[in-house]
Amino acid sequence: MKHETIETNAAWLIVLVFIVISIGGLAEIVPLYFIDDTVEDVKVDGIETVRPYSPLEVRGRDIYMREGCYLCHSQMIRPFRDEALRYGHYSLAAESKFDHPFQWGSKRTGPDLARVGKKYSNQWHVEHLTAPRSVVKESIMPNYPWLLKTDLEYKDIAERMKALKMVGVPYSETKAEYEANVKRFGKDVAKFLDVNQAENNLMAQALANNYDGNKSNITEMDALVAYLQVLGTMVDFSKFEDGYFSTFR
Amino acid sequence: MSTDSNSKVQGSKGSKQAVQTTGHAWDGDIQEFNNPLPTWWVWAFYATIVFAVIYWVLYPAWPIGRDYTKGVMNDIEYTDASGKTVTRHWNTRSLLDKEMVQAKAEQKKYLDQLAAASIEEIAKDDEKSNFAYSMAKVLFADNCAACHQPGGAGVVGSYPNLADDDWLWGGSFKDIKTTITNGRNGYMPSFKAALSSEKIDDVAEYVLSLSKHKTDAAKTARGKAIFNGQEGGCYYCHTKAGTGMVSMGSANLTDSIWTLADVPSADTLEAKKAAVKQVIMNGVNRKMPVWKERLTDTQIKILAFYVHQLGGGK
């Protein structure tokens, strides 16, 4: 094909430019799907400790994305000394394997949140999300007062979980899938991965933990705090030898 | 117009008029020069290609099936905490492991001293306390300041003040360390259902009288009876004298320090009483997180030392 043919034919030019640019991306990304060490093996006593989110956490994560938290907060602790000292153990690929899409973020206007779970009390999160400057004077985070006032929409939770299942998150719909989850994650976790029980499980978790301090209804605050409190808590690093996760690189 | 600018370019580079064109012609007469790249640029380009090939050999680079090339002559070697020599091909995680081990080794002299010393010994020794102070200051800012505020003054109504000498769960080194290690769960039941609003009013009146506020005598007497009787049962935790119990984390009501009801900032007795009533009606349920899973023993120890010296350690 002559160069002039390509330059004078817009459609051809678009197709060929697309192919040439794709090569870079394909060469860098595709092999990672096939290399064994990409996603770390995080099993304690044969049970996978990184698990899919519970129904309430799924909704919390939706709100996290809706409010655009990822624009200012990353969820990716890089393997550097300063980050290790401030935020804790570097993030594992395994820790975001059930995230669709992942929330690594690309800019830290606020601190990294990859291990914010259990660091602060629920009450602190509620106060901080409602009015950040009531607890952190120098904060430039916006107020999110409506989270506490808005009832959580969760009638479609089962549908949301089915959608996540389509992209590979192992929520269970059949008995066989449930049994597989019991083997993989243990019984307690498998129970709330059951799509058929999604709504009950969501209500039960919200009631039992009462994240927003108000038992009378389930608000968006309940869901968001439930999600924040689980971030980075699934892997108990004391169960693994120092340097174990380096052997995957 | 285009002819004009063309002739201008050609005019200013008179000697280069001999440069060939690409042979393309658009709109009849628009042509494109085909200048060769500067030689230095071409060689720099070749150099980057050579660099890439060397880089592929030295560092992890090419995927091969389920594995990848690890590179040569790039070993990271260090001695880990258990004295074992670790050798790994170059990767950022092992680089971090090595850096952390080296940093610990540099701080070892001090860290070992801190690990071995009791908090009392740290406080007495200048060198140890200086090191502990600067380390704990950063830890406090990262982990504690979000609730207790950068200076430890807390937030009235939510988070206790650590800079005064009033302690809910005890202000000795040991108490502070226990608090940080295991967290705390401050609880007081809600009396909304148990007591009528008149009775809650009376109790609030009595509570304020404990800290020397001028209150109504009749109401205060009724409130005292509820406070110290089975009806309110307040004395179980706050004691009959109202001084509270460290083992329960119950507040001392006889001093002028308030952690929940914002009495000091209220101007009138009515406003002060409203603040106290709010607490009696709603109860208290506040949690301090557990820190033993996030911080090491030594870190907790020096944090206890830091909190103790903020102002009111006992």
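Chain naming here is simple, since letters A, B, ... match the order of the sequence lines and numbering starts at 1 in each.
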Can you confirm whether B:M100 sits close enough to A:L85 that some side-chain heavy atom of one is under 4.5 Å from a side-chain heavy atom of the other?
yes

Nearest heavy-atom contact between A:D36 and B:R66 is OD1-NE, 2.8 Å

Expected contact set for residues 85-93 of chain B against chain A at heavy-atom separation under 4.5 Å reads B:R88, B:H89, B:N91, B:T92, B:R93

Does any backbone or side-chain atom of B:W62 lie under 4.5 Å from a heavy atom of chain A? Answer side chain, backbone, both or neither.
neither

All heavy atoms of A:Q123 vs all of B:G157, minimum pair found to be NE2-O, 4.4 Å

Looking at every non-hydrogen atom in both residues, tell me the closest pair between B:L96 and A:P79 and how far apart they are.
CB-O, 3.5 Å

Got a second to check how far B:E293's CD is from A:D236's CG, nearest 0.5 Å?
7.0 Å

So which atom in B:P63 and which in A:I35 form the shortest heavy-atom distance, rounded to 0.1 Å?
CB-CD1, 4.1 Å

Closest non-hydrogen contact found for B:Y159 with A:W124 is OH-CA, 2.9 Å

Quick check on A:I140: does its CD1 atom have over 12 non-hydrogen neighbours (other residues, nucleotides or ligands) under 6.0 Å away?
no

CG/B:D297: more than 12 non-hydrogen atoms of other groups inside 6.0 Å
no

Above 12 or not: heavy atoms from other molecules or residues under 6.0 Å from CG of A:D45?
no

Crowded around A:D242 CG? As in, over 12 foreign heavy atoms under 6.0 Å?
no

Please name the pair of heavy atoms, one in A:S246 and one in B:S94, separated by the smallest distance, quoted to 0.1 Å.
CB-OG, 3.7 Å

Taking the side chain as everything from C-beta on, heavy atoms only, tell me whether A:K118 gets closer than 4.5 Å to B:W291.
no

Max heavy-atom pairs within cutoff under 4.5 Å with chain B, candidates A:Y87, A:Y33, A:Y120, goes to A:Y120

Measuring heavy-atom distances to chain B, does A:S134 have an atom under 4.5 Å in its side chain, in its backbone, in both, or in neither?
backbone

What part of B:K84 gets closer than 4.5 Å to chain A, counting heavy atoms only: side chain, backbone, both or neither?
side chain

Interatomic distance, B:N143 atom CG to A:R86 atom CZ [nearest 0.5 angstrom]:
10.0 Å

Check whether B:R286 gets within reach of chain A through its side chain, its backbone, both or neither, counting any heavy atom under 4.5 Å.
both

Between CD1 on residue B:I64 and CZ on residue A:F34, distance to nearest 0.5 Å:
15.5 Å

Roughly how far apart are B:D97 CG and A:Y90 OH, rounded to 0.5 Å?
5.5 Å

How far does NZ of A:K119 sit from CG of B:D142, to the nearest 0.5 angstrom?
5.5 Å

Is it true that, when you exclude B:K287 itself, more than 12 heavy atoms of the residues, nucleotides or ligands shown sit nearer than 6.0 Å to its NZ?
no

Who wins among B:H148, B:R294, B:E99 for the most heavy-atom pairs under 4.5 Å with chain A?
B:R294

Check whether A:E241 gets within reach of chain B through its side chain, its backbone, both or neither, counting any heavy atom under 4.5 Å.
side chain

Select all residues of residues 71-82 of chain B having any heavy atom within less than 4.5 Å of some heavy atom of chain A, and report them by number, or 'none'.
none

